[in-house]
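To keep things clear, I will list the structure first and then write my remarks on it.
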Amino acid sequence: MKLCRNLAAALWLLSLFGILCLPQVASAQGTLTVWPVKLEVTANTGEILEREINVQNEGDETIAVRVYTMDFSVDADGKYTFSEPGDESYSCARWITAGPADFELGASEDKKVLVSITVPATVEPGEHRAAILVEESTPADQPGVSVAVSGRIASLVYVAMPGTDGEAIVASAEIVSLMLPRWVEKGPAQVGVVIRNTGNVHLTVATEAHFHDYRGRRFGDMTLEQVVILPGQERTVRGTLERTPLLGKVQADFTIGYIDQHTQLVNKSGTGGFAVVPVRLILAFVVPLGCLLAYLLIRRYRSARKRRNPLGSSSQTGV
Amino acid sequence: MRPRIVLLATLFVLAALAVCCCYLAPLGGTAEAASPVSPSVTVGPGVTLALEDASNVQWVSGGAPGSSLNGTLQARVSSNVGWSLTVQATSGHTSTNELTDESHRIASACFTYTSTAGTPAPPTGDGVSNPKEFDGGNQTNVWTGGTATADCRVAVTYNLQIPKSQPPGTYTATHTYTVAPS
């Protein structure tokens, strides 16, 4: 009997231990993978292009998938906006059909979505773009307060259209301005550069910055975020310079790099500067020095005055 | 008799040697230059997205008027290109996509989120540190400046302040998270 009780207790403890050691499984919807997430093509008017997008469910449950096209734009801070087809200028969302548009994917199953791009007979030269969105959703069906969450991945389509009159595709960018403080007390310092796409196709632009102190010594290098800039738009690329010299002028050299229409690497640079003024440090030295100097000057003045007017001082103490 | 045996044995040995030479002797002549074989594979840009712990933003028992509901879901991302994550309220109250029970709505000012690096953390980028309202008309940032990563999570913490005068009901909305390559 005692043996049975001990055995039961041991089994109970073991099961409790096993339960506590069970890995915590996060409750998840499907895991959606899409590739490629960029389709960059060159087309002529009236042409029909076909491409494929792969969609895979890496989760362990069957999911419902929906595929549809939208316009997109990117603001200066890199925030994407998706809108109805035809809302944006240079949209090609209405040229695109993607099918199948609705389907189910089992666990670990993948499917190819055929993307057909039909270029109209007349179209403005330049780059046209759209987003193909692959979405998986789970409805919320709980009482109380319930938020259904849905995840989607955007595959961005860029269709470059050479002009019918021979107008070329132009890939170029310029540095518009540098974002530098006038002065800082010490690091970190927020710096940045505004870049404008002056071409007619989207550009991927890389940016680097190098910093020199007042002696011309290089003390800092920075690789900033690589960004995609749509034609005619500007993007602001920011970074943080962690360390600055103790004091003096700082020269900042920004260099952008991109691939032009001839597949050549192009670098362009801009230079600016700011000052490092350690205010508190200066005050910590200057104020005591100033007080000491003032004290010495006052004392010297009084001594000089005493020497000039010795009687004046003794008459006060005399008869 | 003996000479025949010797002859046969000699012939046998010579034949064996000839056969062995076929295997052991180096090949004569110049070998043809091997055609180079260059395996190649094209790796396209790809992204994976999973929304974990979505049940944390389904408050089955609701909340008392004047109370606060919180929940955190995890957006799990892997990508071989730069990426950004945004969210938009895509269904709910007509035109605003706020939480609704079809008759009433909870104002968007009451429903906010913040986002931080989860585990594993994205290698680069920024979340949203100050509470931000869910927007029914535009994407709002959840994570910006993400770079290539084999696996990372972004924790999105929801906060819902239920007004004291909120009529009882079942309130729902849909939030759509979008990963876009940069």
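Numbers restart at 1 for each chain; the letters A, B, ... are given by sequence-line order, proteins then strands. These numbers come from the heavy atoms of this one structure, side chains and all, not from hydrogens, waters or symmetry mates.
- In this view, B:Ser182 satisfies the side chain to side chain donor-acceptor pair (under 3.5 Å) rule with no residue, not counting sequence neighbours.
- Contact of A:Phe72 with chain B is not made at all, since no heavy-atom distance falls under 4.5 Å.
- Contact detail for B:Ala54 and A:Val149: the closest heavy-atom pair is CB-CG2, 3.3 Å.
- Heavy-atom contacts from other residues, nucleotides or ligands closer than 6.0 Å to NZ of A:Lys38 number more than 12.
- At a 4.5 Å heavy-atom cutoff, the contact between B:Ser84 and chain A is made by side-chain atoms alone.
- Looking only at distances, a side-chain donor or acceptor of A:Tyr80 sits under 3.5 Å from a matching main-chain atom of B:Pro181.
- Contact annotation for B:Leu85: neither backbone nor side-chain heavy atoms come within less than 4.5 Å of a heavy atom of chain A.
- Between chain A and the options B:Leu69, B:Val87, B:Thr174, heavy-atom pairs under 4.5 Å are most frequent for B:Thr174.
- Closest of all the heavy-atom pairs between A:Phe82 and B:Ala180 is CZ-CB, 4.3 Å.
- Once rounded to the nearest 0.5 Å, the distance linking OG1 of B:Thr147 with CD of A:Glu225 reads 9.0 Å.
- Scanning residues 119-127 of chain B against chain A with a 4.5 Å heavy-atom cutoff picks out nothing at all.
- The shortest distance between side-chain heavy atoms of A:Val147 and B:Gln58 does not fall below 4.5 Å.
- One finds the CD atom of B:Gln139 at 11.5 Å from the CG atom of A:Asp75 (value rounded to the nearest 0.5 Å).
- For residues 70-81 of chain B, heavy-atom neighbours of chain A at less than 4.5 Å comprise B:Leu73, B:Val81, sorted by residue number.
- Close approach to chain A, defined as a heavy atom under 4.5 Å from one of its heavy atoms, is seen in B:Leu99, B:Phe111 of residues 94-112 of chain B, taken by number.
- Options A:Leu32, A:Val227, A:Val228 differ in how many heavy-atom pairs under 4.5 Å they form with chain B, and the most are formed by A:Leu32.
- A:Glu58 and B:Thr48 make their closest contact through OE2-OG1, 4.1 Å (heavy atoms, listed as atom of the first residue, atom of the second, distance).
- In summary, of the residues considered (A:Leu156, A:Val34, A:Val37), a side chain to side chain contact (heavy atoms under 4.5 Å, CB included) with B:Pro45 occurs for A:Val37 alone.
- Residue contact with chain B, scored on non-hydrogen atoms closer than 4.5 Å, is absent for A:Gln56.
- B:Thr178 and A:Arg152 get closest at one heavy-atom pair: OG1-NE, 2.6 Å.
- One distance of note links OG of A:Ser146 with CH2 of B:Trp59; it measures 9.0 Å at 0.5 Å rounding.
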